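Only one structure is covered here, and it is reproduced in the block below.
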Amino acid sequence: MKVVIVGGVAGGASAAARLRRLDEKAEIIILERSGFISYANCGLPYYIGEVITDKNALTLQTPQSFQDRFRVDVRVRNEVTSIDTKNKTVLVTRLEDGSSYTQSYDRLILSPGAKPIRPNIPGINNNNILSIRTVEDTLKIHTYIKTIHPKKAVIVGGGFIGLEMAENLTVLGIETVLLEGSNQLLPPLDYDMACEVHAYLRNNGIQLKLNSLVTGFYEKNGKIFTELKDGNSVSSDFIILAIGVAPDTQLAQDAGLTLGSKNAISVNEHMQTSDPNIYAVGDAVEVSHFVSGQKALIALAGPANKQGRIAANNICGIESSFKGSQGTSVVKLFDMTVASTGLNEKQLQSLGIDYDKVLNFSLSHATYYPGARNLTIKTLFSPTDGEILGAQIVGFGGVDKRIDVLATAIRGGMTSSDLEELELAYAPPFSSAKDPVNMVGFTIENIRGGLVKQYHWHDIENLQKDSSALFLDVRTDVEYAKGSIPNTLHIPLHKLRNRLNELDPNKKIYVNCQSGLRSYIACRILSQNGFECFNLSGGYRFYEVIRGENKYNYSPAYACGVEIIKK
């Protein structure tokens, strides 16, 4: 059997290695248009930032090492330009000299990945506008920085790559402006969770400008200018374009393979395309979202590697299925960690799925052990049965550990009551006796069981117009003096029982504290004394972060330190 694999990065390399482990006699050929295989895409920004100093560390295998270990014929700088499905051949161009040849196959695996989006706007082909996809791209940017010594960069796009590049350029001492066309960074997050990220990045010197749609580029006096929809321009020495990726599927389209949403390759659960002899894996394929069951594009290395393994299994006669992806992801931003899994609010609303949500502030480990820091955990769940639908975490320690537990809970169809019962490892340096994930379960079950009602930051404006609403702050005097929700009555929690006579029993009482814990206790006191009470989800801390973001002035660019040039 002869298997030809187009693309030798995550999915392709994984498929090749699995094929060899299953079939020692198969002829396996990898055709890769770049000069490298099996490289760590996610590590590329960290080489530019000199966190990874050895460029050889970016590649997990070389063509020679892959040949030596797996007896796989790896041909780099060989680009497949067309597929003849009838004759089961591919046309290949050797990029070194431009010559071409025809390669036959019994089974073909497509793993072309995704390509950076480059919109057709004026000036897009300027040599100082760079993208980062391959090792070659990375080396080019690294050499540029070392040779030119630029002082200022503009990054267009606030996804994973854009943020990782912003961090690494800032660490190098390069003044960095991050432009994002929408009102938030990191699309897997909901807006309220992204607000914490926005504030943190600004505090670390990144000049963040949201709601900034780029309309073009031009060069003047040795600088490149990024033009914005509002008529202003931002100058820099170079630009990193990171506005997203699109499935690289022209080859599949030309071959007549069925495409799905956004022109991704349509595959079945065995990673088989509309041609039974052709499989496809990785960022170029359409998958089912594990939670919603809807078709989705999820460009992540973990699913790509699993898909490569599954395609190899099926080619070798081992029935294997890909059951969907839930988009679990994590990113490091200086000392902050941001992670998510499953569906967010935007997705749940667009799909018409009934849900509720809780916000928890927990410490990363036992309070009395030095170094504990807050985790902000947002969990989305089904109000019917407590099934976990999605989770987002922003924090500074233990984020990856908790998101992995919650991702596992989603994969296992677990409910909030299951989270309550999880027995998770505890020692003071690592967690608390009631782990933050347990606390999520407790909070959801309190709501589902009717022990407490809640309201959210986005409800406050309308609720304050309701004459039947009374807002109560149960924080300490010191906390209250630093800031509060407008028009709130202040009674510290430890005095509440003795001052119940100050509250109108005919009004609905909306309570807040700093994090939501003391106000929950207050609600239990009030509800057992005949008051109807609602607890602010996430507390004043969360409300204040979002209020600060909403007040942030994005129009005058000096508000975030961006130099504005009037045309």
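Worth saying up front: this structure is predicted, and the values here are computed from it rather than measured.
No donor-acceptor pair under 3.5 Å is formed between the side chain of Arg21 and the backbone N or O of Ala16.
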- request: Please lay out, stage by stage, how Lys323 and Glu269 fare under the test salt bridge (charged side-chain N to carboxylate O under 4.0 Å, His left out).
  value: CA-CA 7 Å; Lys323 297 179 174 61; Glu269 62 181 0; over 6 Å; no

query: How far apart are the C-alpha atoms of Tyr144 and Phe238, what are their side-chain angles, what is the distance that settles it, and do they pass the ring pair (Phe, Tyr, Trp, His ring centres under 6.0 Å) test?
result: CA-CA 10 Å; Tyr144 174 88; Phe238 70 107; 5.1 Å; yes

- request: Take Thr443 and Asn360 through the test side chain to side chain donor-acceptor pair (under 3.5 Å) and record every step on the way to the result.
  value: CA-CA 8 Å; Thr443 304; Asn360 289 79; 2.8 Å; yes

From CA spacing to verdict: side-chain contact (heavy atoms from CB on, under 4.5 Å), Ile393, Thr337: CA-CA 8 Å; Ile393 308 179; Thr337 306; over 6 Å; no

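With respect to Lys146 and Glu50, a salt bridge is recorded, a charged nitrogen being found less than 4.0 Å from a carboxylate O. A salt bridge between Lys357 and Asp190 is absent, with no side-chain N of the basic residue lying under 4.0 Å from a carboxylate O of the acidic one. Salt bridge Asp283/Arg133: absent, no basic N to carboxylate O contact under 4.0 Å. At a threshold of 4.0 Å, the pair Asp435-Arg402 counts as salt-bridged, since one of the basic side-chain nitrogens sits closer than that to a carboxylate oxygen. Look at Lys25 and Asp23 and you find no salt bridge, because none of the NZ, NE, NH1 or NH2 atoms lies under 4.0 Å from a carboxylate O. Ion pairing between Arg71 and Glu24 fails under the 4.0 Å rule for side-chain N and carboxylate O. Ion pairing between Glu167 and Lys332 holds under the 4.0 Å rule for side-chain N and carboxylate O.
Around NZ of Lys140, the count of heavy atoms belonging to other residues, nucleotides or ligands within 6.0 Å does not exceed 12. The local environment of CG in Asn87 is crowded, with over 12 non-hydrogen atoms from other residues, nucleotides or ligands closer than 6.0 Å. Within a 6.0 Å sphere centred on CZ of Arg118, heavy atoms belonging to other residues, nucleotides or ligands number more than 12. Counted within 6.0 Å of OH on Tyr200, heavy atoms from surrounding residues, nucleotides or ligands total more than 12; the atom is thus considered enclosed. Environment of NZ in Lys262: sparse, with no more than 12 heavy atoms of neighbouring residues, nucleotides or ligands closer than 6.0 Å. No more than 12 heavy atoms of other residues, nucleotides or ligands shown are found within 6.0 angstrom of NZ on Lys434.
Summarising the geometry, atom CD1 belonging to Ile174 is positioned 4.0 Å from atom CD1 belonging to Ile145; distances are rounded to the nearest 0.5 Å. Between atom CD1 of residue Ile109 and atom CD1 of residue Ile5 there is a gap of 4.5 Å, rounded to the nearest 0.5 Å. Taking CG of Leu389 as the start and CZ of Phe381 as the end, the distance is 9.0 Å to the nearest 0.5 Å. To the nearest 0.5 angstrom, Ser111 atom OG is 12.0 Å from Leu31 atom CG.
Thr93 and Glu79 form no side-chain donor-acceptor contact under 3.5 Å, judged by distance and modelled atom types alone. Judged by distance alone, the side chains of Arg94 and Ser99 do bring a donor and an acceptor atom under 3.5 Å apart. Counted by atom type alone, Gln64 and Thr62 present zero donor-acceptor pairs between their side chains at under 3.5 Å.
Side-chain contact check for Leu424 versus Val437: some heavy-atom pair is nearer than 4.5 Å. Considering only heavy atoms from C-beta on, Glu196 comes within 4.5 Å of Thr376 through its side chain. The shortest side-chain heavy-atom distance between Pro247 and Leu297 falls under the 4.5 Å cut-off. The side-chain heavy atoms of Asn78 and Tyr101, taken from C-beta on, include a pair separated by under 4.5 Å.
Cation-pi geometry between Arg20 and Phe70 is not satisfied (NZ or CZ under 6.0 Å from the ring centre, within 45° of the ring normal). In this structure, Arg107 is not positioned above the aromatic face of Tyr279 in the sense of NZ or CZ being under 6.0 Å from the six-membered ring centre and within 45° of the axis.
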